[in-house]
*Asks:* 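Quick one: this structure, given as structure tokens, is what I'll be asking you about.
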Amino acid sequence: MRPALGSRAGSPAAVARVIVAAPRGFCAGVTRAVDIVEAALERWGPPVYVRKEIVHNRRVVGELAAKGAIFVDEVDQAPADRPLIFSAHGIAPTVRVDAASRQLRTIDATCPLVTKVHSEAKRFARQGYELVYIGHEGHDEAIGTMGEAPEAMHLVQTVEDVAKLDIAADKKVAYLTQTTLGVDETAGIIQALKERYPALASPPKEDICYAATNRQLAVKRLAPNCDLLLVVGSQNSSNAHRLVEVASEAGTAAHLIDGPADIRPEWLKGASTVGVTGSASTAEAAVQDVVAALRPGKVEEFQAVEENVFFNLPPELR
Ligand code: SF4
């Protein structure tokens, strides 16, 4: 195993300058989901059960588990006498039906912006559209949204997938997207869809959420001024991977790390300015741990855009 930066006691890998991107870290949907688990623990006491990871971040999940949250994969793994929370990524209707059939007390931490895409899926399906869903196969959000209208859904992940779509010529076609996709890459797929289906219907408002868009914009503008960009986030975080891609497309070496222990000394060779950001499910403390581990001569913040979004807790936890 290669040595990790954090394990080299007495040999600080000082970099001259760290520039921290803003906006970064927790979005409004993640803040709400984490607050829901904490409020449920306070209200009903531990344990509370959570179906899937509440957000895709190892540290956040670990901290909530330490407080008494138990993460399960499916509804039938939760006991009938404890609350069950649905994660921020949303669920297919079949999951809701399973929980109702067991008469579980459920709390829905689905991000309101994901719920909006679910509503669009139902509306388009009701109106007889075939739905092209631009997203990542197997991602919790994609599974949940596609589950709203499984008979009408067609998943595409790349421009090449558009050419392979098999939709009857007499069908109306609409598209939806996962909320955390890369803005530029998705624009290319949408363009290919429009060329293939000139009457393509669009969602009323962009599905890629404000938080994914803003974090990508900050990285896009910051990366050209850095020798290296570190994205703090977990491997199963879709929006974290998109941030790495955005930096790479700008020509800057970029890596996704969970924390200081993942930093490789060789990445820092010749890197005097290091950019740092956190994905939408990364707590600020995790970003600051990475900044501290870099032992920078100076730390600056680069703010691409201001954010001021907040979502209320569900009524039963307010
Ligand atoms: S990234 Fe966007 S859609 Fe996902 S939880 Fe955050 S605000 Fe909601």
Side-chain angles (χ1 to χ4, degrees), residues 21-39 50-61 64 71 85-92 107-121 133-136 138-148 175-186 203-220 231-246 256 277-284 286-287 304-314 317:
R24 64 178 175 277
F26 275 16
C27 59
V30 165
T31 300
R32 176 177 179 270
V34 172
D35 286 351
I36 284 174
V37 178
E38 290 185 333
V50 183
R51 182 185 174 277
K52 307 286 186 190
E53 293 190 342
I54 184 73
V55 299
H56 285 158
N57 186 273
R58 226 166 60 180
R59 176 169 171 155
V60 171
V61 168
L64 291 173
F71 294 89
I85 299 169
F86 297 134
S87 81
H89 307 101
I91 50 168
I107 303 115
D108 193 353
T110 302
C111 175
L113 300 182
V114 174
T115 301
K116 175 183 78 81
V117 185
H118 282 228
S119 303
E120 289 161 0
Y133 183 74
I134 308 170
H136 293 287
H139 188 279
D140 289 335
E141 183 185 329
I143 292 168
T145 305
M146 293 180 73
E148 291 288 2
Y175 79 87
L176 298 170
T177 72
Q178 197 173 318
T179 56
T180 50
L181 299 183
V183 173
D184 294 342
E185 186 189 0
T186 306
K205 193 168 169 285
E206 180 62 71
D207 290 334
I208 298 177
C209 87
Y210 79 95
T213 304
N214 290 348
R215 279 149 192 70
Q216 289 173 33
L217 181 69
V219 167
K220 191 173 185 173
V231 177
V232 188
S234 290
Q235 288 297 332
N236 59 347
S237 165
S238 166
N239 81 90
H241 282 285
R242 303 296 78 78
L243 294 175
V244 172
E245 287 167 7
V246 168
L256 175 58
T277 190
S279 78
S281 48
T282 299
E284 179 63 12
V287 173
V305 59
E306 283 201 21
E307 250 179 31
N308 193 15
V309 179
F310 173 80
F311 298 136
N312 282 324
L313 292 186
L317 288 174

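Whatever order the structure lists them in is the order used to number ligands and atoms, beginning at 1. Since the structure is predicted, the reported quantities are computational estimates derived from the model, not experimental observations.
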*Asks:* Sequence neighbours left out, what passes side chain to side chain donor-acceptor pair (under 3.5 Å) with Asp108? Give chain and number order.
*Replies:*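 With neighbours one apart ignored, the set is Arg96, Thr110.
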*Asks:* For Arg58, is there an ion pair with Glu53 - N to carboxylate O distance below 4.0 angstrom?
*Replies:* no
*Asks:* By the definition side-chain contact (heavy atoms from CB on, under 4.5 Å), identify the one residue from Val34, Asp35, Ile36 that meets it with Arg32.
*Replies:*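 The passing option is Ile36.
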*Asks:* Going through the distances and angles, do His241 and His136 end up as a ring-ring contact (aromatic ring centres under 6.0 Å, His included)?
*Replies:* CA-CA 12 Å; His241 282 285; His136 293 287; 8.7 Å; no
*Asks:* Taking only residues two or more places apart in sequence, or in another chain, which ones meet Asn214 in a side chain to side chain contact (heavy atoms under 4.5 Å, CB included)?
*Replies:* Pro23, Tyr210, Val305, Glu307
*Asks:* Could you name all protein N, O or S atoms found under 2.8 Å from atom 6 (Fe) of ligand 1?
*Replies:* Cys27 SG
*Asks:* According to side chain to side chain donor-acceptor pair (under 3.5 Å), who are the partners of Thr31, at least two apart in sequence or on a separate chain?
*Replies:*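 With sequence neighbours excluded, Thr31 shows a side chain to side chain donor-acceptor pair (under 3.5 Å) to no residue whatsoever.
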